[in-house]
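Scroll down for the structure; my scribbles are underneath it.
Proteins come first, then strands; the chains are lettered A, B, ... in the order of their sequence lines, and each starts at number 1.
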Amino acid sequence: MNTSSTVRARFAPSPTGQLHVGNARTALFNWLFARQKRGVMALRVEDTDIERSEARYEDQLIADLKWLGLDWDEGPDVGGPYGPYRQSVRLDIYREHAERLVTERKAYLCFCTEEELQAHREDAETGQRQAIYSGKCRGIDPGDAERRRSQGEACAIRLRIPDHPIRFHDIVRGEVEFSNEVVSDPIIMRSSGMPVYNYVVVIDDGLMKITHVIRGDDHLSNTPKQVALYEALGWPVPEFAHLSTILGSDRERLSKRHGATSIANFREMGVLPEALLNYLALLGWAPSGGTREIFSASELIEQFSLERVTPSAAIFDMEKLYWLNRHYIKASPPERIAELAVPFYSKLLAEDSPEQVSAPEIVEWLSAVTRLFAPYVDRLDQLPERALPVFSYDAGAAVADPGNAEVFSWPNTDAVIARFIVKVLEDESAKSAEMTPECFKKIINEVKAETGAKGKELFHPIRIIVTGSHSGPDFDKLIPILEEGSRLALPVHVLSLRERVEAFCKARSKSESLPQLARAGETPAPTRSKS
RNA sequence: GGCGCUAUCGUCUAGGGGUUAGGACGGAAGAUUCUCAAUCUUCAAACCCGGGUUCGAUUCCCGGUAGCGCUACCA
């Protein structure tokens with residue numbers, strides 16, 4: 001196999017915090033490209049910023065990338081032929097190549113002090129000129145320079161920028177040209193002996209034989225320096241693809257200010273990885289024709305193309321992400337969604353001890369709750385709130401709720417309520433919280449026949465008694481959930497149908513006198529002691 | 001300030017010298033459902049401005065404007 005034709009892409013994040021969606025999108029595009037070309041995907045950790053880099057962030061980074069479904073052939077965790085893949089352990093390599101450049105006169109020692117440079121820069125700024133390096137040390141005789149260094153004089157190493165314009169090809173933007181007038185000789189090694197980012201990235205990409213540098217467009221202006229470096233090093237210049245910035249709704253660079261921006265945030269919100277992956281792919285890329293929106297990872301690998309990446313910045317649209325997430329929630333096997341959803345209930349049910357909800361019968365029941373409410377939510381973390389009518393029932397609030405006032409004003413409502421209550425209280429299965437949907441249906445039909453109410457007039461009052469609200473899910477699915485939930489040893493007791501009816505009776509009789517109810521319910525409601 | 005990049009519905013985008021400028025999210029209306037959600041149908045909604053080139057520019061070129069980025073011994 002001809003290795004020179006093998007595509008090699010890389011994702012090179014700094015482990016300085018949570019993986020941001022913008023970086024995740026860069027990782028995704030690299031991955032899609034590498035996988036489509038049957039090339040190599042490498043992960044390289046840019047941890048030269050010792051103050052901000054932390055090992056735990058690296059673990060987090062790898063976990064987030066894997067959660068999204070990405071993988072890599074070479075990296076700090078899996079090794080590879082061009083390692084090490086962590087910059088902090090490549091320092092000798094950087095020094096060695098920098099010295100080589102000095103020896104070859106491609107770079108030179110610079111003895112300017114920071115104060116001098118600072119003064120020069122300020123001077124240029126007040127004169128409204130571009131602050132480029134004066135070139136003061138460019139002409140120092142190499143022998144003299146070497147002598148001064150060996151005598152202990154502090155010096156940095158600067159690259160000599162050639163005196164011709166620097167052009168390079170960008171797959172997303174076409175030919176880009178920078179006049180050499182605006183690129184000053186950059187420092188590649190600090191006087192402290194530490195290398196500088198724009199230098200390190202070239203050494204790493206070059207040594208790792210990266211053929212395609214796909215990264216954020218904030219690096220576009222750095223690229224001429226890097227191209228000059230490749231040329232000085234005598235290495236082939238890779239293809240570049242600079243991806244546009246992801247902006248927040250206010251057109252500013254997406255940041256924490258805009259809410260959820262890290263992969264971990266989305267995972268914690270109950271966004272499915274395939275939804276996020278699909279959304280990120282659509283941000284800056286569209287398939288030929290541009291009419292399809294839903295793509296699996298393998299479909300993306302098949303159809304992706306860097307040539308079709310848009311150069312303009314894109315605003316992150318949470319609503320569209322939610323739409324995709326809803327789609328994938330509905331498209332996934334219910335068991336999977338249920339499994340993913342269980343942890344979200346623990347906050348509601350047992351804040352301090354999530355293990356309380358791990359009993360198999362409870363997990364089973366929570367799965368049923370999830371199946372019922374999942375079609376109603378954008379994200380899994382909304383499930384407990386959606387399912388709140390199951391977990392908490394406040395009859396007093398239901399009676400007082402202005403949203404229910406209209407229902408209470410309907411002429412048939414009182415009769416429906418009265419008949420329904422009597423029938424539930426008389427029902428044997430309800431006493432042991434084992435009311436079946438069939439039995440419930442029978443009661444509804446009897447109430448319907450006895451009162452003449454139908455449709456909303458029938459269902460709304462009954463739903464208010466059962467859930468506290470006139471709108472909600474189908475009784476067929478809800479009733480078994482309530483009954484079963486009430487029989488479970490949950491940290492928070494779920495009221496059975498009968499318990500709800502009893503609570504409602506109490507609340508209603510307290511709030512006002514109900515002549516019809518009094519007449520209908522001669523049999524005093526037997527109070528069932530709540531354990 | 002200098003340099004660079006960018007510019008199609010509110011948003012993501014397709015398209016491209018002559019089109020009813022297409023799709024999706026979101027919005028509105030309707031159908032359906034006991035209700036909400038879902039689903040289906042329909043509707044509203046865009047080529048930044050000014051010059052060229054051309055028979056004809058939203059499309060190509062130039063300028064302006066705006067947004068973003070870079071302008072460090074940060075990454």
### Query
Between Asp204(A) and Tyr94(A), is any side-chain donor less than 3.5 angstrom from a side-chain acceptor?
yes
### Task
Tell me yes or no: between the side chains of Thr245(A) and Asp218(A), is some donor less than 3.5 Å from an acceptor?
no
### Task
Summarise how protein sits on nucleotides 24-36 of chain B as a single string, 5' to 3': B when a protein heavy atom is under 4.0 Å from the base, S for sugar-phosphate-only contact, - for no contact.
BBS-------BBB
### Message
At 4.0 Å (heavy atoms only), tell me whether Asp170(A) reaches a base, stays on the sugar-phosphate, or touches nothing.
### Response
nothing
### Task
With a 3.5 angstrom cut-off on both distances, give the Watson-Crick or G-U wobble partner of G4(B), or none if there isn't one.
C68(B)
### Task
Determine the contact category for Thr48(A): base if any of its heavy atoms lies under 4.0 Å from a base atom, sugar-phosphate if only primed atoms, P, OP1 or OP2 are that close, otherwise nothing.
sugar-phosphate
### Counter-base of C73(B), judged by Watson-Crick or G-U geometry with both distances under 3.5 Å
none
### Task
Please state whether the phosphate of C68(B), meaning OP1 or OP2, lies under 4.0 angstrom from any side-chain nitrogen or oxygen of Arg251(A).
no
### Query
For U41(B), which nucleotide is its Watson-Crick or G-U wobble mate, given both distances must be under 3.5 Å?
A29(B)
### Message
Under 4.0 Å, counting only non-hydrogen atoms across every strand here, what does Cys112(A) touch: a base, just sugar-phosphate, or nothing?
### Response
base
### Task
Could you tell me whether the phosphate oxygens of U13(B), OP1 or OP2, come under 4.0 Å of any side-chain nitrogen or oxygen in Thr310(A)?
yes
### Task
Give Asn222(A) one of three labels, base, sugar-phosphate or nothing, depending on what nucleic acid heavy atoms sit under 4.0 Å from its own.
base
### Query
According to the Watson-Crick and G-U wobble definitions, with both distances under 3.5 Å, which nucleotide is paired to U53(B)?
none
### Summary
Residues at least two apart in sequence or cross-chain that pass ring pair (Phe, Tyr, Trp, His ring centres under 6.0 Å) with Phe504(A), listed by chain then number, are none
### Task
Would you mind classifying the nucleic acid contact of Leu283(A) as base, sugar-phosphate or nothing, using non-hydrogen atoms under 4.0 angstrom?
sugar-phosphate
### Message
Looking at U11(B), which nucleotide sits across from it as a Watson-Crick or G-U wobble partner, both distances under 3.5 angstrom, or is there none?
### Response
A24(B)
### Task
Scan Gly216(A) against the nucleic acid and name what it touches under 4.0 Å (heavy atoms): base, sugar-phosphate only, or nothing.
nothing
### Query
Hey, does Tyr279(A) reach any base, or is it just sugar-phosphate, or nothing, if we go heavy atoms under 4.0 Å?
nothing
#### Entry: Contacts of type salt bridge (Lys or Arg N to Asp or Glu O under 4.0 Å), residue Glu153(A), not counting sequence neighbours
Arg148(A)
### Query
Heavy atoms under 4.0 Å, any strand shown: does Leu117(A) hit a base, just sugar-phosphate, or nothing?
base
### Closest-nucleotide ordering on RNA chain B, the 5'-leading residue of Asp217(A) and Phe111(A)
Asp217(A)
### Task
Answer yes if the ring centres of His219(A) and Tyr197(A) are under 6.0 angstrom apart, and no otherwise.
yes
### Query
Base, sugar-phosphate, or nothing for Ser14(A), non-hydrogen atoms under 4.0 angstrom?
sugar-phosphate
### Task
Check the distance between C12(B)'s P and Leu254(A)'s CG and give it to me in whole angstrom.
13 Å
### Query
Mind checking what makes salt bridge (Lys or Arg N to Asp or Glu O under 4.0 Å) contact with Lys448(A), not counting sequence neighbours?
none
### Task
For Arg149(A), check salt bridge (Lys or Arg N to Asp or Glu O under 4.0 Å) against everything at least two apart and list the hits.
Glu99(A), Glu146(A)
### Task
Using whole Å, report how far CG of Leu220(A) lies from P of U71(B).
12 Å
### Task
Output all residues satisfying salt bridge (Lys or Arg N to Asp or Glu O under 4.0 Å) with Glu54(A), sequence neighbours left out; order by chain, then residue number.
Arg56(A)
### Query
Is the distance from OP1 or OP2 of G15(B) to the nearest side-chain N or O of Arg308(A) less than 4.0 Å?
yes
